[in-house]
Protein chains: 2
Amino acid sequence: MAEKRTDKVTITEVALLAGVSTATAGRVLGGYGYASEEIKKRVKASAERLGYRPNLLARGLITGKTRTIGVVAGDIQSPFYSSILRGIADVARAEGFGVLLTNSDELLARELEAVQLLLEKQVDGLIVAPCDTERSDHLRRALKGGCPIVQFDRMVKGLGADAVTVDNRKASREAISSLIDAGHRRIAILAELERWDSGDISSFIARVTARSIEPTTLFPSWQRLFGYVEAHLSAGIDLDRALIGRVGAYSLEAARLQALHLLRLPDRPTGLFTADGLMTAGAVDAITSLGVQIPDQLSMIGFDDLDWMSFLKPQITAVVQPVTAMGQTAARLMLERIAGSDSPPRHVTLELALTRRGSVSKPA
Amino acid sequence: MAEKRTDKVTITEVALLAGVSTATAGRVLGGYGYASEEIKKRVKASAERLGYRPNLLARGLITGKTRTIGVVAGDIQSPFYSSILRGIADVARAEGFGVLLTNSDELLARELEAVQLLLEKQVDGLIVAPCDTERSDHLRRALKGGCPIVQFDRMVKGLGADAVTVDNRKASREAISSLIDAGHRRIAILAELERWDSGDISSFIARVTARSIEPTTLFPSWQRLFGYVEAHLSAGIDLDRALIGRVGAYSLEAARLQALHLLRLPDRPTGLFTADGLMTAGAVDAITSLGVQIPDQLSMIGFDDLDWMSFLKPQITAVVQPVTAMGQTAARLMLERIAGSDSPPRHVTLELALTRRGSVSKPA
DNA sequence: TTGTATTGTGAGAACGTTCGCACATCGAGC
DNA sequence: GCTCGATGTGCGAACGTTCTCACAATACAA
């Protein structure tokens, strides 16, 4: 059943039926080179009659272009990545490109494997959320090999490739500042903060204070902590290390536990900033189970906007990432590269918007 | 920059360096046919040294297999499809397969276009959520052309292809029955119910009552309505047409409005069944804005389980679809087909579980 | 008439693999 | 000694396109 591919009608057969050479048939069907009107008509009719479908493998083999974009996401199941992917797919489809998808689960080994597969499949370019901003020789090699790369969400240090990110640091600083402006002095942060090779939280804070750290190649949650620290510094408020909730893993349960811990501190924070959607979910879970009232007993701002935040109590004021636009932008940058642009690496930073929903008030 | 593909080291060069023919090099690197230990070592060393990466296009062209699965989803941005996709991608990755993704947005024209593209890219098989259970000649053609197809979520009438679905009708019937058992007599349903060519709701109910309708090729929301009707019939409860909220579109806002309408009926329902995640979201939005108490003033069961349902008030008892497993199963069926299985079309029906979270009580 | 540009067509070589075949070597069994 | 199977290797033809030529026909200016 699966062996009889009646499907396999080639350009040779079309040419034969139309009484022309395969070269001519190719010119008509592929839309390149000359062909008289009469022959065009004949070839098209033959193709139609035989149900001819070009074999893009063969075309790709000779042209060196597959019109396919490879994507390495962290986990498509997450709203963040699936929205990005949607943006990419939309732009790709409009231009007749295909999208080859892989998940890295934020594991370097898997990213390696994925990039390898995509390259072997001869994708025209790679859109990647790199899971390590340092050890990324595989990306460097791909780039050197002529395969354009567009990074999103984070950037590899010194990789000369395009990137689309958001200004996490600024948005976070502004969110914290708005809490400070409302009168809050004890503001907790709940963030993943998983990987950072260069020491612990204290040394990070020290380096932020000393301005001896470059934020662009940090992971988003660190950038958000960066903004948190900066906001405190510029307002002249002392940092309380106990208020920095480092979850250490991208897990709802871990976030919930850490949130419970923060909310049970003897000197409870009056404000809470969650550094991404999952952290917000964990925090809300903890908040409802403790019966803490938003915003009366706790003011809150979260990063990422998830659908339920708008229609459930408590509604959470949130920093909205333009996720779909991020995917679209990445895809557009990629298409330009594929089209041959050899401009120096571009770094597009998208704007973030704060959606106020009344989860912030003066401290009690 | 993008033109110098230093990447392009072919098997010929490897063979040359190793001092063997391309055929032998191919046998070693491709892992087919004989090769002595000594030559294996030499070839592998040369490949390593040159940084050889096989060109899967060329391999695919000759073998007729690309080790790529094409997926046509409705909208990857939705939690439903992205979870399915995750399941597919996991299984595919484990077997070294790639996943080529497209969105149909449930539009036939787009599905057509997508299938076309995927076939031209010579995918080994198609995993599809067909957007029309009747007009699907493109799928029939693909199948006849030798491209295996696995459907999920819904099935095309008379298409002899594998399928993975859940028993929507049974789960819905049981959910409604449990509301009836709790004492409810006025139970509303909120469902998309967009496309059904053969008439309106009344004629659908009539045909269900007369048992003159085949549920397997209905769209899920119709199957769920089917179960709703059946549960009423078997309990001897008259159906009130006014309680059937047909949203008519897959939209949060439309769902919210329809839910508001239902909740404002003079003789308000005491129970509510929402036929999918988006409907649940719309209903919850309406419920919180009206200040209706769950479960005191309204008992509720929803289809689909979204993360927020577990940690926000009101918690909603829900029918859980094994989404990731659905994707995995679809991928496994596909891989079996690709491996050459020519068994008659298989239809796998996955079990649904009711997760009780206390949104159901006796009517007031 | 000749030259030259424009338009149209076909032959045949790519592209980078795998595959069928021929052939060579080796040991074992008779 | 011979045949036979198992093992190992290379040649050249696929696969289905596009691309580079060569060349023919036509048209128009010199």
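Sequence lines set the chain letters: A, B, ... in the order given, protein chains first and strands last, and positions in each chain run from 1.
- Side-chain atoms of B/Val43 and B/Arg27, non-hydrogen and from C-beta on, never get closer than 4.5 Å to each other.
- Listed pair A/Thr10 / D/dG16 fails the phosphate criterion, with no side-chain N or O lying under 4.0 Å from OP1 or OP2.
- Atom C1' of nucleotide C/dG16 and atom CG of B/Leu29 are separated by 12 Å, given to the nearest angstrom.
- Rounded to whole Å, atom P of D/dT18 lies 8 Å from atom CD1 of A/Ile62.
- Checking C/dT18, D/dG16, C/dG16 against every side-chain atom of B/Thr63, the shortest atom distance belongs to C/dT18.
- Counting heavy atoms from C-beta outward, B/Val128 and B/Gln151 have side chains that stay 4.5 Å or more apart.
- A/Gln122 and A/Thr66 form no side-chain donor-acceptor contact under 3.5 Å, judged by distance and modelled atom types alone.
- One can place CG of A/Leu61 at 13 Å from C1' of D/dA14, the figure rounded to the nearest angstrom.
- A salt bridge does not link B/Arg53 to B/Glu48: none of the charged side-chain nitrogens sits closer than 4.0 Å to a carboxylate oxygen.
- The distance between atom CZ of B/Arg59 and atom C1' of C/dC19, rounded to the nearest whole Å, is 13 Å.
- When the P atom of D/dG10 is taken as reference, atom OH of B/Tyr34 falls 16 Å away, rounded to whole Å.
- The aromatic rings of A/Phe80 and A/Phe152 lie tilted to each other, with the angle between the two planes from 30° to 60°.
- Rounded to whole angstrom, the span from the OH atom of A/Tyr32 across to the C1' atom of C/dG10 amounts to 13 Å.
- Distance from the side chain of A/Ile11 is smallest for D/dT17 among the nucleotides C/dG12, D/dT17, D/dG10.
- Distance from the side chain of B/Thr24 is smallest to D/dT9 among C/dC19, D/dG16, D/dT9.
- Residues B/Ser136 and B/Leu159 have side chains not in contact (no heavy-atom distance under 4.5 Å, counting atoms from C-beta outward).
- The nearest whole Å value for the distance from the CZ atom in B/Arg67 to the C1' atom in C/dT17 is 16 Å.
- Summarising the geometry, the separation between CG on B/Leu56 and P on C/dC15 is reported as 18 Å, rounded to the nearest angstrom.
- Of the residues in residues 36-48 of chain A, not one comes within less than 4.0 Å of DNA chain D through any heavy atom.
- For A/Ala58, taking side-chain heavy atoms from C-beta onward, the closest of the listed nucleotides D/dG16, C/dT17, D/dC11 is D/dG16.
- At a threshold of 4.5 Å between non-hydrogen side-chain atoms, the residues B/Val348 and B/Leu333 count as touching.
- Residue-to-nucleotide contacts include a donor-acceptor pair under 3.5 Å from the side chain of B/Arg27 to the base of D/dG10.
- Along DNA chain D, the nucleotide nearest to A/Thr12 and the one nearest to B/Gly19 differ in position, and the one closer to the 5' end is contacted by B/Gly19.
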